[in-house]
Participant: 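First, the structure itself, so that you have it in front of you.
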Amino acid sequence: MSPSIKTSKDFKRTTVTAALPYANGGLHIGHIAGAYLPADTYVRYLRMKNHDVIFVCGSDEHGAAITLRAKKEGITPKEIIDKYDTLIKNSFADFGIDFDIYHRTSSELHKETAQDFFTSLYEKDIFSKQTNEQFYDEKFEQFLADRYIIGTCPNCQNDNAFGDQCEKCGSTLSPTELINPKSALSGQKPVLKSTSHWFLPLQNYEKWLREWILDSKKDEWRAGVYGQCKSWIEQGLHERSMTRDLDWGVPVPLSKEEGAEGKVLYVWLDAPIGYVSATKQWAKNTNNDWKKYWLKQENEADDSRLIHFIGKDNIVFHCLIFPIILKAHGDYILPENVPANNFLNLEGDKISTSREWAVWLNEYVKEFPTKKDELRYVLTSIAPETKDSEFTWAIFQSRINNELVDTLGNFVNRTVVLINKYYKGEVPNINLSTAKDLTDFDKEVLEGIKIQTEKVSQNLEKFNFRDGLFEVMELARLGNKYLATTEPWKLQKTEPQRVEQIMKISAELTANLAILMRPFLPTTSDKIANMLNLENDLKWDLAGNLDLLESNNGKINKATLLFEKIEDELVESQIKKLDDNKARKLKEIKEQKEENAQTNPIAEIQSEIQFEDFSKIDIRVATIKNAEPIKKADKLLKITLEVGEQEVTVASGIAEHFSPEEIIGKQVCWLANLAPRKMRGVVSQGMILLAENEKGKLVFVSPEKMVNTGAQVK
RNA sequence: GGCGAGGUAGCUCAGUUGGUUAGAGCGCAGCACUCAUAAUGCUGAGGUCGAGAGUUCGAAUCUCUCCCUCGCUACCA
């Protein structure tokens, strides 16, 4: 290991956070593999080392998506968050993700904490206050967050695009771009009204971020995390609004006069502070001091080490925005590492909550209450640490059957069975450190225990959980090899003393296995510890020792099976369950679509205008003389039109519908007197009229017969 | 379009500052063994290291171009 990379040994204590789940849905295996399982494994390891560690998490309960859904379903936001907070909290508890506290951002303590944070930055004059125009719902007397505006997507004509994003074509939007914008609350057309917000000038921290991340974290942070940060910093940072016009969230702690009324903190300011408030609540419950886990200490060497476990979608908030906030505040420590995972796919497709393509944690725990370690094993062994990976039920089956049952379970079983058979459950009392007549292979195996201990430790310190678990299994493989090579069953009659050595070594190896697997597979570790009569509170420092079984005079219990095989029927039924869900969901979506089509045969007609208004519009017939793609733009074509004697240039967002060659020579209608606009460096004069067919494909509006270019359309 | 991360045996992944016949686990084939949950051990087959070009005595590893996957981002009158 490179000496420049710090490990837990270099710190007095560690603050571990796992991404706050949004209280708007359940947990699936992608969430677990991404953040919670590695975090839990790491924390269990630190606890075994008697390291001072706090592990916090909680429900993220604010934000527009929850209010929007509440309004839609005619219930209160509180009903939604209470439902999902309970579901999520129980799923974690049942599965054995062992937080010190699972808190909520809807709590009073969190409100105080977040407001204190905001006030502190406000008093330091960090924010810039800006006023601009935003959509306002006059009926509900409320400003509308981007998510609250629904309208027709200018790209794909989807009628249900949100103001921030169209979920059909995936393009990011701003609310003013939507065609026929409507308020999600009243369904009325919103009006633009000015409002003030407090912005965090991220760009002021660019220099500092370059030093802190680009210069000092290159070898320490995962490539994907570092690269993502670099990408953002290089692209240029901008101001970001830290407040929203909403009635759901932490109120902005400023006076009416300053325009704070009806405003709450932006959910991405609010949520990470949830880690702090969770720690405060834990400290209250357990009579501890939260400050030593979050604030800079008098002596820098006493600072806690902050580690955020998240998925790759959260990198920018945890690596840039939240650290900027912490830095701006001044009193707080900064993240030491952010081991973000990539995504877990499922049976060849992306996991999707809306399409119900997921394995839900609460359902898994219910269906397989005795197979928690099995899922921990599979998810860790395929953890998406370096790239996206895939879970299939066939992998689940083969990993468990071939590795847990055949390699690990079988080794433990044969060792325990043999000791019971030969010695009535009493491990031969041999001091392996002083024994003189050990074979070279014996010594190699004993050395192997120490080597594997070191390898597992190093991998855990570096957040390489997949590799760490692999090294645990290597020790089990070594055990199997040892028995197969020494063949004690052949020697028992002729050389019983030699067999005593072999069984002692096998037993100590098994005890070491129980320690090394403990962060990964806690229940299995307990089972082995019980079988071997080891103390329950196994410490990491014991690993590598060769006299673990002497504490109880070597008396062990009867063998019990650690794992059982997964049958084909189980795999088939789980796949069928997924397929059924998917088919049902697709049908629902299709029905919904048909319903919409029936109730909404044509898009709503715009408000009435007078003839004078129409006469302002100058539409001409023009011929496309040339068309070429615009550099650095996927969707734009630069089109040259011939209009009478003149030529004009128009940039049109049709590159995904037409190739340049196929449209040259066509006659089209051209809106001539539209104000010019610059797009991607090209000045667009007017626009070309298009209509969309039922398949979403654009077609030109052209004169029925060729006419002279420049002819007016009346 | 820009940026980032990936593209190595059927599958999941290692491959350190370029160096002899490219590795591991699982799967597959053969052999051995029987203490063990028909488990285990050994041996073997399997790769033109995404494609092409270049630098070099020598490249999976460095440079350039291109292709594919995932993510972020720009553009959209």
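Protein chains get the first letters and strands the later ones, always in sequence-line order, with residue 1 at the start of each. Below, each value reflects all heavy atoms present in this structure, side chains not excepted, and no hydrogens, waters or symmetry copies.
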Participant: Show every donor-acceptor pair shorter than 3.5 Å between a side-chain atom in residues 646-653 of chain A and any protein atom, with sequence neighbours excluded, or say none if there are none.
Facilitator:
{"unit_1": "A:Glu647", "atom_1": "OE2", "unit_2": "A:Lys625", "atom_2": "NZ", "d": "3.0"}

Participant: Only pairs at least two apart or in different chains count here, so list each salt bridge (Lys or Arg N to Asp or Glu O under 4.0 Å) that has a residue in residues 406-421 of chain A.
Facilitator: A:Asp406-A:Lys565
Participant: Going by salt bridge (charged side-chain N to carboxylate O under 4.0 Å, His left out), name the residues that satisfy it together with A:Lys372, two or more places apart in sequence or in a different chain.
Facilitator: none
Participant: Among residues 382-393 of chain A, which ones have heavy-atom contacts with RNA chain B below 4.0 Å?
Facilitator: A:Thr386, A:Lys387, A:Asp388, A:Ser389
Participant: Taking the six-membered ring for Trp and the single ring otherwise, decide whether the centroids of A:Phe441 and A:Tyr482 are under 6.0 Å apart.
Facilitator: yes
Participant: What's the base orientation of B:G46: syn (chi within 90° of 0) or anti?
Facilitator: syn
Participant: State which residues pass salt bridge (charged side-chain N to carboxylate O under 4.0 Å, His left out) with A:Glu474; sequence neighbours excluded, sorted by chain then number.
Facilitator: A:Arg477
Participant: NA contact type, A:Val405, heavy-atom cut-off 4.0 Å: base, sugar-phosphate, or nothing?
Facilitator: base
Participant: Can you sort out the partners of A:Phe199 under ring pair (Phe, Tyr, Trp, His ring centres under 6.0 Å), two or more places apart, ordered by chain and number?
Facilitator: none
Participant: By ring pair (Phe, Tyr, Trp, His ring centres under 6.0 Å), which residues pair with A:Trp221, not counting sequence neighbours?
Facilitator: A:Trp212
Participant: How would you list, by chain and number, every residue that makes a ring pair (Phe, Tyr, Trp, His ring centres under 6.0 Å) with A:His28, sequence neighbours excluded?
Facilitator: A:His31, A:Trp360
Participant: Distances under 3.5 Å between protein N/O atoms and the N/O atoms of nucleotides 40-44 of chain B, please, pair by pair.
Facilitator:
{"unit_1": "B:U40", "atom_1": "O2'", "unit_2": "A:Arg414", "atom_2": "NH1", "d": "3.3"}
{"unit_1": "B:C42", "atom_1": "OP1", "unit_2": "A:Lys481", "atom_2": "NZ", "d": "3.3"}

